Trainee: 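Below is a structure I'd like to ask you about.
Because the structure is a prediction, the values reported are computed rather than measured. Hydrogens, waters and symmetry mates play no part in the numbers below; they use all other heavy atoms, side chains included. Naming: A, B, ... by sequence-line order, numbering from 1 per chain.
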2 protein chains.
Amino acid sequence: MAKVDTSLVAHLPLFAGVKPEALDEILREARSVRYPKNTAIFEQGADAQSFFLLLHGHVRAAKTTPAGEQIVVRYVAPGETFGLAMAIGAAQYPATAMAVDDSVALIWPNSAWPRLTERFPALAANTMQTVGKRLQESHTRILEMSTQQVEQRVAHALLRLASQSGKKLDHGIEIDFPISRQDIAQMTGTTLHTVSRILSGWESQGLVESGRQRIILRDPHRIVVLAERNPGSGAA
Amino acid sequence: MAKVDTSLVAHLPLFAGVKPEALDEILREARSVRYPKNTAIFEQGADAQSFFLLLHGHVRAAKTTPAGEQIVVRYVAPGETFGLAMAIGAAQYPATAMAVDDSVALIWPNSAWPRLTERFPALAANTMQTVGKRLQESHTRILEMSTQQVEQRVAHALLRLASQSGKKLDHGIEIDFPISRQDIAQMTGTTLHTVSRILSGWESQGLVESGRQRIILRDPHRIVVLAERNPGSGAA
DNA sequence: GGCCCGTTTTGCGCTATCGCAAACTACTGG
DNA sequence: CCAGTAGTTTGCGATAGCGCAAAACGGGCC
């Protein structure tokens with residue numbers, strides 16, 4: 001079983017309020033697994049057997065309709081948990097998780113969850129907070145989809161990605177994992193064609209620089225303006 | 001302080017696994033409050049001071065944009081909790097709650113939450129489950145908004161309301177609280193005009209019977225067909 | 001019984017966005 | 001270095017649904 005350095009994870013929200021020796025005990029139950037780029041970590045509908053803490057890389061959680069359309073539920077950044085089916089009382093994973101980059105995750109068997117939360121209530125409390133936060137983010141997303149038009153939603157999505165997983169450059173912010181037009185479409189409820197048109201437009205205005213699975217926000221400030229502009233009033 | 005009969009609430013999911021005497025202790029910390037139709041219970045953005053368990057009536061939770069547009073987050077049915085800001089670590093309520101009918105709720109001060117969950121871990125566990133379920137429902141809603149067209153979304157919304165708060169009639173199911181075209185629009189991300197057109201169409205086909213703030217599903221089975229019909233067929 | 005007000009219905013033009021199809025890159029693997 | 005393939009761009013209709021405006025409705029209140 002791979003050793004995990006406690007000092008690397010002690011500061012994560014998941015472990016807030018957990019004593020170092022307790023942390024050690026918790027980590028002893030986990031193993032560390034490497035997922036090469038574009039490998040599935042678990043599939044929607046599969047029996048949930050483990051829960052995860054991402055250490056390196058990026059993971060996309062996506063939900064698929066019976067008809068095969070997908071939406072991206074979220075991108076998981078290092079330090080975040082995912083696959084918490086057990087914690088919320090789901091027997092199957094409600095989405096598919098896929099490494100979009102070479103990734104490493106800590107993985108616990110679900111059977112460890114009841115014991116761990118009983119021994120370390122802070123774990124349960126912290127998890128409750130993150131689930132609550134995700135719920136609020138979902139509601140915000142629903143609000144956006146209901147009230148904003150596509151361009152604003154794409155602006156919001158990119159800004160969120162940038163603040164969550166942006167690499168600061170001399171001049172702009174780069175989203176530091178591969179992401180396609182299709183992915184952005186699935187985050188914002190539109191089509192890859194429309195996303196492509198929007199980004200092309202932005203590119204010609206110098207707002208972004210983008211290529212194959214790569215996006216750099218060159219002028220985040222003006223993108224914020226786009227995101228917040230209120231269609232019901234302003235001039236074009 | 002009003003007495004609450006434990007037998008009336010003992011079977012609720014919130015109290016699953018809680019012993020009768022413990023339940024008694026929990027209820028002793030709550031008081032019961034009556035909210036007349038169309039009164040606000042709490043406002044989005046207000047400091048969260050209490051959490052609630054609805055006993056009678058119906059409550060609408062809605063989120064408002066800075067620009068004033070609203071969406072309905074959910075309708076709360078009797079037996080469900082709401083206003084759980086404290087549990088998920090939010091200092092302010094993220095939405096506005098309004099009684100859409102004369103309603104009665106149990107109300108606990110947030111200060112009671114840490115003590116109660118410490119003494120009765122089942123409470124925390126049950127709450128985690130319901131929050132998790134709501135998160136999944138949110139994701140489902142996002143999926144629907146991304147992939148379905150308005151008519152299907154309205155069909156889904158009405159079927160959900162019917163199964164959650166439907167009164168069975170000789171011939172059909174009536175949604176047993178007042179709900180306007182506008183409300184349905186805010187649940188499905190469309191406008192009251194479009195909802196009105198859709199319901200008019202359905203009415204002329206005998207699928208529903210509806211009037212001022214009142215909706216009866218006359219042929220739920222055919223509405224299910226509408227909800228599930230797949231417009232295109234493409235995979236993504 | 002009649003008036004007032006909130007809700008619902010409906011007509012009509014408009015446009016943001018989709019859907020399809022085709023051309024165009026830019027990596028990847030050999 | 002080249003071919004193959006996945007991702008991207010773009011043109012051109014087609015259209016679902018919006019937005020405005022006005023009329024019809026229904027019910028409660030005096």
Trainee: Could you go through residues 205-217 of chain B and list every donor-acceptor pair under 3.5 Å that involves a side-chain atom there, pairing it with any protein atom two or more places apart or in another chain?
Mentor:
from    : atom 1 : to      : atom 2 : distance (Å)
Q205(B) : NE2    : G201(B) : O      : 3.4
E209(B) : OE1    : R218(B) : NE     : 2.8
E209(B) : OE1    : R218(B) : NH2    : 2.9
S210(B) : OG     : R181(B) : NH2    : 2.8
S210(B) : OG     : E203(B) : OE1    : 3.3

Trainee: Output all residues satisfying side chain to side chain contact (heavy atoms under 4.5 Å, CB included) with I107(A), sequence neighbours left out; order by chain, then residue number.
Mentor: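 Side chain to side chain contact (heavy atoms under 4.5 Å, CB included) list for I107(A), sorted by chain: R31(A), V33(A), Y35(A), S50(A), F52(A).
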Trainee: Could you list the residues that satisfy ring pair (Phe, Tyr, Trp, His ring centres under 6.0 Å) with F177(A), not counting sequence neighbours?
Mentor: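 Ring pair (Phe, Tyr, Trp, His ring centres under 6.0 Å) list for F177(A), sorted by chain: H58(A), Y75(A).
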Trainee: Nearest-Å distance, CD (Q149(A)) to P (dG17(D))?
Mentor: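 Going from Q149(A) (CD) to dG17(D) (P), I get 16 Å.
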Trainee: By salt bridge (Lys or Arg N to Asp or Glu O under 4.0 Å), which residues pair with D176(B), not counting sequence neighbours?
Mentor: none
Trainee: Can you name the residues that form a side-chain hydrogen bond (donor to acceptor under 3.5 Å, both in side chains) with E174(B), not counting sequence neighbours?
Mentor: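 None.
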Trainee: I'd like to check the side-chain hydrogen bond (donor to acceptor under 3.5 Å, both in side chains) partners of H139(A); sequence neighbours left out, ordered by chain and number.
Mentor: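 In terms of side-chain hydrogen bond (donor to acceptor under 3.5 Å, both in side chains), with neighbours along the sequence ignored, H139(A) is linked to S138(B).
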Trainee: For T191(A), which residues count as a side-chain hydrogen bond (donor to acceptor under 3.5 Å, both in side chains) partner, sequence neighbours excluded?
Mentor: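 By the side-chain hydrogen bond (donor to acceptor under 3.5 Å, both in side chains) rule, T191(A) matches T194(A).
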Trainee: Tell me, for nucleotides 3-10 of chain D in 5' to 3' order, what letter each nucleotide earns: B for a base near a protein heavy atom under 4.0 Å, S for only sugar-phosphate near one, - for neither?
Mentor: ---BSSBB
Trainee: With a 4.0 angstrom cut-off to heavy atoms of chain B, pull out the first and last contacting nucleotide of DNA chain C, in 5'-to-3' order.
Mentor: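 Result: dG6(C) to dC12(C).
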Trainee: Give the angle between the helix axes at the two ends of the helix from dG1(C)-dC30(D) to dG30(C)-dC1(D), taking five base pairs at each end and rounding to 10°.
Mentor: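 Between the axes fitted at each end of the helix from dG1(C)-dC30(D) to dG30(C)-dC1(D) lies an angle of 40°.
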Trainee: Compile the donor-acceptor pairs under 3.5 Å between side chains in residues 37-44 of chain A and protein atoms, sequence neighbours left out, one pair per line.
Mentor:
from   : atom 1 : to     : atom 2 : distance (Å)
T39(A) : OG1    : P36(A) : O      : 2.6
Q44(A) : OE1    : T64(A) : N      : 2.8
Q44(A) : NE2    : T64(A) : O      : 3.2

Trainee: For the pair E137(B) and R74(B), find out whether any cationic side-chain nitrogen is under 4.0 Å from an anionic carboxylate oxygen.
Mentor: no
Trainee: Taking side-chain hydrogen bond (donor to acceptor under 3.5 Å, both in side chains) as the definition, give me every residue that meets it alongside S200(A), ordered by chain and number, with sequence neighbours left out.
Mentor: none
